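Structure, as structure tokens:
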Amino acid sequence: MTTDQDLSVGSALPPVYTPGSVESRLYEQWVERGYFTADVGSDRPPYVIVLPPPNVTGQLHMGHALNHTLMDVLTRWRRMQGYETLWLPGMDHAGIATQNVVERELAKEGLSRHDIGREAFVERVWQWKQEYGGRILSQMRRLGDGVDWSRERFTMDDGLSAAVLTMFKRLFDDGLIYRAERIINWCPRCLTALSDIEVEHSDDEGELVSISYGPITVATTRVETMLGDTAVAVHPDDERYAHLVGADIELPLTGRRIPIVADEHVDPSFGTGAVKVTPAHDPNDFEIGQRHNLPAITVMDERGVITAPGPFEGLDRFEARPAVTAALRELGLIVAEKRPYVHAVGHCSRCDTVVEPRLSLQWFVKVESLAKAAGDAVRDGRVAIHPPEMARNYFDWVDNMHDWCISRQLWWGHRIPVWYGPDGETVVVGPDDEAPSGDGWRQDDDVLDTWFSSGLWPFSTLGWPTDTEDLKRFYPTSVLLTGYDIIFFWVARMMMFGLYAMTDRGPAGSVPFHTIALTGLVRDERGRKMSKSSGNGIDPLSWIETYGADATRFTVARGAAPGGDVSLGDEWAQASRNFVNKLWNAARFAMLNGADAHAPLPDSSALATPDRWILSRLAFTAREVDAHLHDFEFAKACDVLFHFTWDEFCDWYVELAKLPLERGGAEGAATRTVLGHVLDALLRLWHPVIPFVTDELWRTLTGGESVVVAPWPTGLVSGGERLLDVETTYPDDEKRVAQLQAVVTEVRRFRAEQGLRPGQRVPARISGIADSSLASFEDQIRSLARLQEPTADFAETAGLVVGDIRVALDLSGAIDVAKERARLQKALDVARSEVALAEQKLGNPQFTGKAPQPVIEKMRSRLAAAQADVVRLRGQLDALPPR
RNA sequence: GGGCGCGUAGCUCAGUGGAAGAGCACCCGGCUUACAACCGGGGAGUCACAGGUUCGAACCCUGUCGUGCCCACCA
């Protein structure tokens with residue numbers, strides 16, 4: 001009954017898989033059927049991942065493709081295992097980035113944001129978001145992201161804005177938010193404060209200039225700041241200058257007199273050992289100024305233009321630098337010629353402008369207690385970091401964190417909820433409070449750092465501060481998966497905020513996630529960091545177009561070791577595409593031959609050796625895949641599946657199946673059933689990585705609803721049939737098949753070397769198959785090695801021996817004796833040196849005395865095998881016709 | 001300046017104490033009715049270098065060289 005019906009199932013599949021015709025149809029179906037919508041009322045254990053919200057301005061790049069694929073693998077895997085799975089998507093409003101985009105648009109119309117005013121500008125940004133924002137969301141659909149679209153959030157939507165206000169007020173009331181005049185990192189182009197991590201340091205070439213301040217000489221790379229000097233500092237123990245401490249000297253070009261002070265901060269061994277002190281323009285100097293009660297004189301405005309009265313007023317900082325130097329030189333005060341000096345210079349991470357330290361009034365989060373809690377949660381194991389080595393980076397940062405400057409002089413973002421009254425009152429307005437009104441009241445102009453709202457993401461997206469059902473059920477989240485480059489920006493902030501906001505959940509329940517899984521960066525085929533600026537970026541969308549979403553996903557997942565960087569090139573994607581097609585065709589073969597996934601699997605005693613072998617290998621593979629996914633070893637999970645699929649299932653099992661399928665009967669029926677069951681399980685195992693092709697095939701094979709909601713073959717947590725017997729393996733059958741493989745390979749090798757056409761059937765006599773359970777073993781060898789039954793006039797011209805099995809071949813004509821002799825001789829040499837090595841080892845009392853027993857056993861059998869090889873090869877050589 | 005990591009086949013990387021591996025690329029032969037996006041066969045490496053520990057080292061230790069990344073308020 002293999003039957004037209006069965007044939008029609010397989011013949012519905014074309015010989016080449018075309019992703020384009022499958023992907024969008026399936027994705028829409030998955031969403032419509034609600035597979036990705038989490039049920040807050042189910043009694044399954046929860047498995048939750050919040051998507052690191054991409055910027056609203058963003059487009060899907062390879063880094064997203066990598067992380068999204070891995071998150072999708074995890075959530076699909078867990079869903080199949082029986083977890084109530086929630087993967088929550090959303091976007092970040094991305095303060096500076098988005099504001100810049102809209103400002104550029106305005107600029108095309110010849111306008112600046114100041115021309116249209118704050119309200120109109122913010123309105124513009126919302127419009128922009130409406131029209132162009134979130135392109136990445138449709139791109140995520142293309143990739144196959146199984147996110148819960150019904151729970152999509154945006155950091156600026158009403159709920160999340162209320163969360164921001166609540167958090168701000170709570171921190172403020174607890175004294176953890178304060179406003180102060182401090183030196184902060186200032187971008188003179190973006191015209192806003194930046195937090196420490198928004199500053200990127202690079203080694204830039206500058207000039208170190210030594211200036212004589214009368215009795216004492218100082219050195220600086222930022223000459224123009226001397227206009228704001230209010231002291232010179234030396235080390236208290238520096239004898240060279242002890243007599244000068246307390247003295248007043250004249251500051252050149254200004255006519256001001258400034259003191260010489262002693263301060264521990266100064267390194268006497270650097271330069272002249274004397275430091276000019278500019279409290280308004282340098283963080284160290286600011287602190288020295290605090291300690292010595294020095295005035296802070298601001299000499300530059302927010303654009304980096306000199307404001308100090310005098311000849312330099314109005315000059316840009318970089319024009320002022322040579323100008324001031326020239327003026328000093330004219331006075332003969334440049335004592336040492338300026339010399340090139342490479343030093344670290346801070347740049348704005350957004351626009352690369354050189355950051356200017358600037359004294360200004362800003363809002364800060366007092367991080368000490370928050371950071372300590374964030375560190376402790378990892379230290380005491382409530383939150384695990386994968387890979388563990390990365391934890392060190394995390395500790396280094398949270399343990400040495402400075403207070404976090406959270407105010408930004410932007411318009412796009414959460415406006416700081418603080419109102420100032422006419423008499424200097426300060427009122428913080430929570431989400432449910434009335435804002436003060438009346439004359440003289442006005443709200444703070446600044447907005448909050450984007451990372452303030454993203455720090456709330458794991459709970460604000462679930463409804464916090466309202467204690468919603470979602471929040472109760474899905475917090476803490478299970479895994480946070482993101483690139484290691486974002487630990488400080490985001491991960492540490494979520495830790496601090498989560499632990500603080502959710503304290504009432506107790507120590508274990510307050511963490512934002514149980515596990516942090518860090519991924520690497522995406523690199524090109526030569527290991528260089530993939531980026532727009534180096535022009536080596538690969539657009540994942542173009543891969544999806546060319547090779548399909550599955551191939552794209554497999555390519556990135558296959559490269560993903562925990563925390564390891566991923567190298568990608570087109571050849572990788574091509575290979576993946578080829579693999580997907582291979583799987584497609586293996587399934588097509590099975591279906592064309594009536595593979596049956598429904599019939600009960602026959603009792604193992606009724607199965608043939610190849611059947612038991614493939615079931616054994618499948619069970620092993622499934623266990624490995626499970627274990628690797630547990631460890632976030634995506635590359636290894638892909639690898640074992642890949643090898644099982646191609647090397648074992650396709651190259652051997654499918655080939656071995658052809659014979660019984662052809663013969664039909666009970667033998668054929670059993671094979672069809674095993675084929676169906678193995679393929680079924682294989683498609684399920686592959687589904688998390690390559691969801692589209694597996695669903696298409698699985699539905700055709702089983703007639704089931706969708707593999708998305710099919711049970712995982714192993715490790716189920718609740719419900720569903722256990723598909724795979726992972727406990728039972730068949731070691732004897734594994735040995736037998738290994739033997740068969742060795743024989744077949746040896747015959748093929750011989751044939752290739754002798755230049756026989758692959759199609760040519762060679763008469764062969766096979767002997768030495770001892771095992772009676774392998775009734776068809778001989779036929780299988782003949783089938784796979786393209787041999788035929790011995791003819792009546794069979795005359796052996798070559799004999800191959802593998803283990804106990806001997807294959808005599810009649811090439812009905814001379815074989816290339818010289819070639820064969822050379823080959824045998826070479827093999828004999830190898831075997832002899834093998835024997836020598838093993839004998840030497842075993843003859844060494846040190847070895848036999850100290851090496852563990854299994855190693856010695858292994859060496860013994862190695863020796864025995866090599867000795868047997870020598871005997872056999874000598875026999876074969878002797879049997880060759882004389883020259 | 002501090003910290004972390006890496007150097008294994010032409011390329012990208014597994015392997016972390018007991019016979020050097022995979023994918024891609026390469027060479028030879030094939031349209032063997034699932035798949036030429038395929039099949040069969042093959043070559044390929046002083047495991048960066050130098051010492052040390054060990055019966056035994058790609059693996060552990062020390063040093064050197066090369067290379068990548070992160071952190072950093074020495075003017």
Side-chain angles (χ1 to χ4, degrees), chain A residues 10 13 15-17 183 196-197 201 208 218-222 225 233 265-267 269-272 274-278 282-287 341 343-344 346 357 389-390 392-393 396-397 400 402 484-485 487-488 521 523-529 547 551 558-559 561 563-569 571-572 574-593 635-636 639 642-643 650-651 654-655 658 744-745 748-753 755-761 785-786 834 837-838 841 844-852 854-856 858-859 862:
Chain A
L13 304 172
V16 173
Y17 173 61
I183 294 271
D196 290 346
I197 45 176
H201 292 90
L208 189 63
V218 297
T220 180
T221 52
R222 292 157 68 216
T225 62
H265 168 76
V266 179
D267 175 1
S269 65
F270 183 90
T272 59
V275 184
K276 59 189 273 307
V277 181
T278 323
D282 183 279
N284 289 315
D285 296 3
F286 179 77
E287 281 177 23
Y341 182 68
H343 62 142
E389 308 91 80
M390 293 276 184
R392 200 195 161 107
N393 268 346
D396 282 351
W397 200 68
N400 300 296
H402 298 326
Y484 62 69
D485 55 335
I487 296 177
F488 309 135
L521 306 178
R523 300 176 177 278
D524 68 9
E525 66 274 16
R526 288 168 56 191
R528 295 172 308 195
K529 188 169 170 177
Y547 306 111
R558 199 182 188 185
D565 292 347
V566 181
S567 283
L568 298 174
E571 318 84 82
W572 278 251
Q574 253 168 47
S576 302
R577 186 266 319 261
N578 295 354
F579 170 73
V580 169
N581 196 52
K582 182 74 181 176
L583 179 65
W584 175 266
N585 268 289
R588 187 163 162 265
F589 169 87
M591 288 188 236
L592 283 168
N593 285 281
K636 287 180 180 167
D639 226 46
F642 178 84
H643 280 117
C650 291
D651 285 353
V654 165
E655 295 303 320
K658 285 177 179 172
V744 170
T745 302
R748 284 172 174 168
R749 191 209 51 69
F750 178 80
R751 294 180 55 118
E753 205 158 66
L756 296 180
R757 282 190 307 103
Q760 185 187 337
R761 294 270 171 180
R786 305 257 146 204
E834 230 354 83
L837 189 82
K841 276 268 187 193
N844 181 351
Q846 299 273 34
F847 173 74
T848 46
K850 291 188 179 174
V855 174
I856 295 172
K858 229 170 143 186
M859 192 57 68
R862 191 175 151 188

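Just so we're on the same page: letters track the sequence lines, and every chain starts at 1. Owing to the predicted nature of the structure, the values given are computational and were not obtained by experimental measurement.
Taking all atoms of both residues into account, the shortest heavy-atom contact from A:Gly559 to A:Ala635 is C-CB, 4.2 Å. When all heavy atoms are compared, the tightest approach of A:Arg577 to A:Tyr547 is CG-O, 3.8 Å. Closest heavy-atom contact between A:Asn581 and A:Pro15: OD1-O, 4.0 Å. Taking every heavy atom of both residues into account, A:Ile183 and A:Asp282 meet most closely at CD1-N, 3.7 Å.
Taking atom C1' on both B:G56 and B:A14, the two are 23 Å apart, rounded to the nearest angstrom. Distance check on atom P: B:C26 versus B:G68 gives 29 Å, rounded to whole Å. Taking the C1' atom of each, B:G10 and B:G43 are spaced 13 Å apart, rounded to whole Å. For B:C4 and B:A72, the C1' atoms lie 15 Å apart once the distance is rounded to whole Å. Of the C1' atoms belonging to B:A50 and B:G15, the separation is 24 Å, rounded to the nearest Å. As rounded to the nearest Å, B:A20 and B:A57 have P atoms that lie 12 Å from one another. Taking atom C1' on both nucleotides, B:G7 is separated from B:C49 by 11 Å, rounded to a whole Å. Rounded to whole Å, the separation between the C1' atoms of B:C59 and B:G21 comes to 15 Å.
A close approach under 4.0 Å does occur between a side-chain nitrogen or oxygen of A:Lys658 and OP1 or OP2 of B:A34. Phosphate proximity of B:G18 to A:Lys850: absent, as no side-chain N or O sits under 4.0 Å from OP1 or OP2.
Positionally, the nearest nucleotide of RNA chain B for A:Phe642 lies more toward the 5' end than for the other of A:Phe642 and A:Thr745. Residue-to-nucleotide proximity on RNA chain B shows that, of A:Asn578 and A:Val744, the 5′-proximal contact is made by A:Asn578.
Rounded to whole Å, atom C1' of B:U33 lies 11 Å from atom CZ of A:Phe589. As rounded to whole Å, 19 Å separates atom P of B:G68 from atom CG of A:Asp485. Following rounding to the nearest Å, A:His201 (NE2) and B:G2 (C1') show an atom-to-atom distance of 14 Å. What separates CG of A:Asn844 from P of B:U54 is a distance of 14 Å, to the nearest Å. Between the P atom of B:G42 and the CZ atom of A:Phe750 lies a distance of 14 Å, rounded to the nearest Å.
Backbone-only contact: A:Lys636 has heavy atoms under 4.0 Å from sugar-phosphate atoms and none from a base. Within the 4.0 angstrom heavy-atom criterion, base atoms lie near A:Arg577. Nucleic acid contact for A:Val654: base, since at least one base atom lies under 4.0 Å from a heavy atom of the residue. When heavy atoms are screened at a 4.0 angstrom cut-off, A:Phe488 is found touching the sugar-phosphate backbone but no base atom. Counting any heavy atom pair closer than 4.0 Å across all strands shown, A:Asp285 reaches no nucleic acid atom. Among the protein residues, A:Arg749 comes within range of the sugar-phosphate backbone only, with heavy atoms under 4.0 Å from sugar or phosphate atoms but none that close to a base. Within the 4.0 angstrom heavy-atom criterion, base atoms lie near A:Glu834. Heavy atoms of A:Val580 sit nowhere under 4.0 angstrom from any nucleic acid atom. As judged by a 4.0 angstrom heavy-atom cut-off over every strand, A:Arg757 is placed among residues making no nucleic acid contact. Across all strands shown, A:Pro845 has no heavy atoms under 4.0 Å from either base or sugar-phosphate atoms. In this structure, A:Asp267 reaches the bases: a heavy-atom distance under 4.0 Å links it to at least one base atom across the strands shown.
A salt bridge does not link A:Lys276 with A:Asp285: every distance from a Lys NZ or Arg NE/NH1/NH2 to an Asp or Glu carboxylate oxygen is 4.0 Å or more. Note on A:Lys658 versus A:Glu655: salt bridge recorded, some NZ/NE/NH1/NH2 to OD/OE distance being below 4.0 Å.
Residues A:Ile856 and A:Phe847 form a side-chain contact, since some pair of their non-hydrogen atoms from C-beta on lies under 4.5 Å apart. A heavy-atom distance below 4.5 Å is found between the side chains of A:Val654 and A:Phe589.
Atom CG in A:Leu583 sits 13.5 Å away from atom CZ in A:Arg588 (nearest 0.5 Å).
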Open item on the list: Dot-bracket for RNA chain B, please. Rules: Watson-Crick or G-U, both distances under 3.5 Å, ( ) within the strand, [ ] when a pair crosses earlier ones, | for another strand, . otherwise.
Closed with: ((((((((.[[[[.)..(..]]]].(((((.......))))).....[[[[[..)....]]]]])))))))....

